[in-house]
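Take this structure, written in structure tokens, and hold onto it; I'll ask about it next.
Predicted, not measured: the structure shown is a model, and the values here were computed from it. Proteins come first, then strands; the chains are lettered A, B, ... in the order of their sequence lines, and each starts at number 1.
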Amino acid sequence: MASKSTAAAGVILGMVVGQKPLIRSGAKARAWIAVPNKRMRVKAMGMAKYKGTVMKEKQLEEMIEKKVMEAREVCEGNEVSDECKVAWDEVEELSQAKADLRTKLEKQDPLEFYCQENPETDECRVYED
Amino acid sequence: MATCTIYTTQSLNSTCSISTPTKSHLGFHQRQVVFYTSGKKTSKRGGSVISCAAAVPRTVVIGLAADSGCGKSTFMRRLTSVFGGAAEPPKGGNPDSNTLISDMTTVICLDDYHSLDRNGRKEKGVTALDPRANNFDLMYEQVKALKEGVAVDKPIYNHVTGLLDPPELIKPPKILVIEGLHPMFDERVRDLLDFSIYLDISNEVKFAWKIQRDMAERGHSLESIKASIEARKPDFDAYIDPQKQYADAVIEVLPTQLIPDDNEGKVLRVKLIMKEEVKHFSPVYLFDEGSTISWIPCGRKLTCSYPGIKFFYGPDTYFDHEVSVMEMDGQFDRLDELIYVESHLSNISTKFYGEVTQQMLKHSDFPGSNNGTGLFQTIIGLKIRDLYEQLVSTKVATPLEATKA
């Protein structure tokens with residue numbers, strides 16, 4: 001949660017001088033480092049360049065977590081119900097989408113062409129490695 | 001758009017015959033124009049015959065049934081690479097498009113024909129595997145149109161948002177690949193396919209692969225991955241699995257038999273099941289077509305490391321069809337193993353010795369590059385090129401440079 005708000009703050013405010021790096025514990029470690037006139041982000045894996053892609057990754061990650069929990073709840077008691085299989089199907093769809101995005105990122109940011117044409121949009125703001 | 005083929009005769013002294021073509025099997029007439037040089041100059045060229053076809057070349061349609069998402073699958077990348085070039089998402093369109101385009105091929109993801117988006121499916125209580133979530137009428141209409149050379153506005157299903165995005169324009173390519181869960185489900189669509197492939201992953205291997213895919217994700221655990229596969233299994237068995245009886249080729253991926261109790265899914269046993277009597281498709285064979293062969297290439301001429309390589313070839317029946325089965329169990333460890341194996345396979349439709357090896361090396365970073373999945377996917381790619389050439393009677397230029405995909 002704290003990292004989420006820091007992320008938002010990092011994006012909206014732009015430069016935050018003297019802010020301490022924040023490491024989020026968990027499977028992937030990320031560090032936010034803000035220096036004057038730059039937003040810098042160090043990621044454990046992936047090479048997302050544009051804000052839109054970074055947000056998409058996060059969105060997928062959060063949805064997967066959420067949907068797995070939902071599926072467990074829905075399936076409790078009745079594992080063969082329609083609701084149960086739909087819930088796990090959603091998890092599968094999102095997991096595959098996340099994996100596909102990871103694969104794409106190994107080559108280049110999927111927003112590359114879009115952002116060359118539309119550099120002014122919010123989602124095309126650049127994160128530097 | 002007209003295609004012109006130019007033939008050159010060696011010298012005027014040779015007897016040239018110009019045959020009057022009958023109406024070609026493609027259904028359009030060809031006009032021929034003949035030019036002669038005087039022959040007094042020492043020119044290499046004698047007479048040239050230019051024949052021009054005044055109709056649109058047909059689009060070859062390939063269907064691929066797979067449960068592993070769309071378009072980015074390794075199989076697609078290998079296939080498009082056989083034709084040269086890498087398949088890229090359409091530039092300048094929706095960045096979440098599932099479509100891939102290269103010079104010769106366009107790969108369409110059949111999820112784009114979902115009639116129900118994620119919310120819709122939730123309301124109706126159907127998974128994406130259920131035919132009720134898919135618009136087969138539209139799928140048929142558009143694949144038919146593309147096959148006939150007409151561009152279509154195809155919907156886009158956004159896998160991130162789960163919504164149907166505005167359509168994108170798809171122009172008819174030389175080779176159209178439709179990939180997804182239901183390429184062979186609807187009979188009308190099935191009849192449009194020039195060749196179809198079903199990728200049949202066994203449960204144990206599916207589990208191992210999904211673990212590799214998902215374990216790094218927060219929110220996932222072994223238990224959730226297992227539960228997801230189990231919950232989808234009834235729909236998968238009811239709607240997706242039966243398609244394999246219609247496929248011209250089935251690639252079956254099983255756990256290895258070379259390592260007792262192996263459950264890592266790293267060493268694989270892969271079966272290539274090829275239907276007999278398929279037009280323009282001659283099955284791969286080992287040594288003696290139609291016989292039964294068991295072959296371990298490792299021995300005096302070739303040293304392999306553990307667990308080695310084992311091949312099997314033989315005739316069989318599959319859902320009441322006559323088939324030929326080529327099977328590889330184990331892993332390639334070194335380049336010379338690969339080329340050794342290639343040199344003993346027959347009917348692999350290569351244009352030069354070592355082409356399979358070259359293709360495998362080109363994509364050594366792809367999953368399956370050291371086992372039967374990569375080998376058979378590459379071979380099927382070459383077979384599809386062969387089929388394409390037979391269907392349109394032109395030559396595909398062998399890609400000269402090894403571009404990294």
Side-chain angles (χ1 to χ4, degrees), chain A residues 24-28 44-45 50 52-53 55-57 59-72 74-75 79-104 106-118 123-124, chain B residues 67-74 77 86 88-98 111 118 121-130 133 157-162 209-210 212-221 223-236 365 367 404-405:
Chain A
R24 177 163 64 178
S25 62
K28 284 187 288 221
M45 55 173 144
Y50 298 107
T53 304
M55 293 293 114
K56 199 184 287 185
E57 268 195 309
Q59 189 189 353
L60 279 170
E61 208 176 273
E62 284 162 14
M63 280 204 287
I64 290 173
E65 253 189 284
K66 181 173 138 214
K67 295 283 178 183
V68 168
M69 287 199 309
E70 258 179 49
R72 285 197 187 114
V74 165
C75 295
E79 277 177 8
V80 296
S81 67
D82 285 345
E83 291 80 20
C84 179
K85 67 180 184 185
V86 170
W88 282 118
D89 192 42
E90 286 186 346
V91 170
E92 166 63 26
E93 185 187 357
L94 292 164
S95 304
Q96 186 63 51
K98 183 89 189 350
D100 288 340
L101 185 55
R102 251 199 319 264
T103 312
K104 272 189 194 174
E106 281 163 20
K107 270 204 277 176
Q108 67 170 29
D109 194 306
L111 281 177
E112 188 71 47
F113 288 109
Y114 176 80
C115 287
Q116 276 172 17
E117 305 292 311
N118 309 279
E123 58 207 325
C124 290
Chain B
D67 185 26
S68 53
C70 282
K72 298 88 186 164
S73 77
T74 316
R77 289 148 93 199
E88 308 280 347
K91 301 182 182 16
N94 185 335
D96 290 319
S97 162
N98 304 305
D111 287 350
R118 202 179 287 154
R121 297 197 299 270
K122 196 169 186 156
E123 275 170 33
K124 287 237 158 76
V126 300
T127 63
L129 304 158
D130 197 311
Y157 178 77
N158 190 316
H159 285 98
V160 177
T161 61
W209 284 1
K210 293 211 170 164
Q212 284 171 35
R213 187 191 73 180
D214 294 338
M215 271 311 266
E217 290 301 326
R218 280 164 63 124
H220 262 306
S221 63
E223 164 260 332
S224 65
I225 296 168
K226 191 152 193 274
S228 178
I229 297 177
E230 295 292 314
R232 293 173 84 242
K233 202 164 184 304
D235 276 8
F236 192 87
D365 56 324
K404 204 170 194 315

Among A:Asp82, A:Leu101, A:Val86, residue most engaged with chain B (heavy-atom pairs, under 4.5 Å):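 It is A:Val86.
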Looking just at side-chain N and O atoms, do B:Asp111 and B:His159 make a donor-acceptor pair shorter than 3.5 Å?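 Indeed, the side chains of B:Asp111 and B:His159 share at least one donor-acceptor pair under 3.5 Å.
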What pairs with B:Pro95 under side-chain contact (heavy atoms from CB on, under 4.5 Å), at least two apart in sequence or on another chain?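 Scan of B:Pro95 (side-chain contact (heavy atoms from CB on, under 4.5 Å), adjacent residues dropped) gives A:Leu111, A:Tyr114.
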Counting heavy-atom pairs under 4.5 Å to chain A, which of B:Gly162, B:Ser221, B:Ala227, B:Pro89 comes out on top?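 It is B:Ala227.
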Tell me whether A:Glu70 is salt-bridged to B:Lys122, with the criterion being a basic N under 4.0 Å from an acidic carboxylate O.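 Yes.
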Answer yes or no: is there a side-chain heavy-atom contact under 4.5 Å between A:Lys98 and A:Glu61?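 The answer is yes, as the side chains (C-beta and beyond) meet within the 4.5 Å cut-off.
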So does B:Ala133 get a backbone contact from the side chain of B:Asp130, meaning a donor-acceptor N/O pair under 3.5 Å?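 Looks like no, no N/O pair under 3.5 Å.
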B:Glu230 versus chain A, heavy atoms under 4.5 Å apart: side chain, backbone, both or neither?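 Neither part.
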N/O donor-acceptor pair under 3.5 Å between A:Asp89 side chain and B:Ala128 backbone: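 Confirmed, A:Asp89 side chain pairs with B:Ala128 backbone.
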In terms of heavy-atom proximity below 4.5 Å to chain A, should B:Tyr157 be classed as side chain, backbone, both, or neither?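 When you check distances to chain A, only side chain atoms of B:Tyr157 fall under 4.5 Å.
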Part of A:Gln59 lying under 4.5 Å from any heavy atom of chain B: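 Side chain only.
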Given heavy-atom pairs under 4.5 angstrom as the criterion, report whether the side chain, backbone, both or neither of A:Lys66 touches chain B.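 For A:Lys66, there is no contact with chain B at all, as no heavy atom is under 4.5 Å.
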Side chain, backbone, both or neither: which part of B:Arg232 has a heavy atom under 4.5 Å from chain A?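 Side chain only.
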Check each atom of A:Met63 against the heavy atoms of chain B and say whether the ones under 4.5 Å are side chain, backbone, both or neither.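 Contact with chain B: side chain only.
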Where on B:Asp235 is there a heavy atom nearer than 4.5 Å to chain A: the side chain, the backbone, both, or neither?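 Only the side chain of B:Asp235 comes within 4.5 Å of chain A.
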What part of A:Glu90 is in contact with chain B, defined as an atom under 4.5 angstrom from a non-hydrogen atom: side chain, backbone, both or neither?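 Interface part for A:Glu90: side chain.
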Spell out, as yes or no, whether a donor-acceptor pair under 3.5 Å connects the side chain of A:Thr103 to the backbone of A:Ala99.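 Checking the backbone N and O of A:Ala99 against the side chain of A:Thr103, a donor-acceptor pair under 3.5 Å is found.
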Holding to side-chain hydrogen bond (donor to acceptor under 3.5 Å, both in side chains), I want the full list of residues that pass it with B:Arg118, two or more places apart in sequence or in another chain.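 Here the qualifying residues are A:Glu93.
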Under 4.5 Å from a heavy atom of chain A, the part of B:Lys210 involved: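 For B:Lys210, the side chain is the part near chain A, not the backbone.
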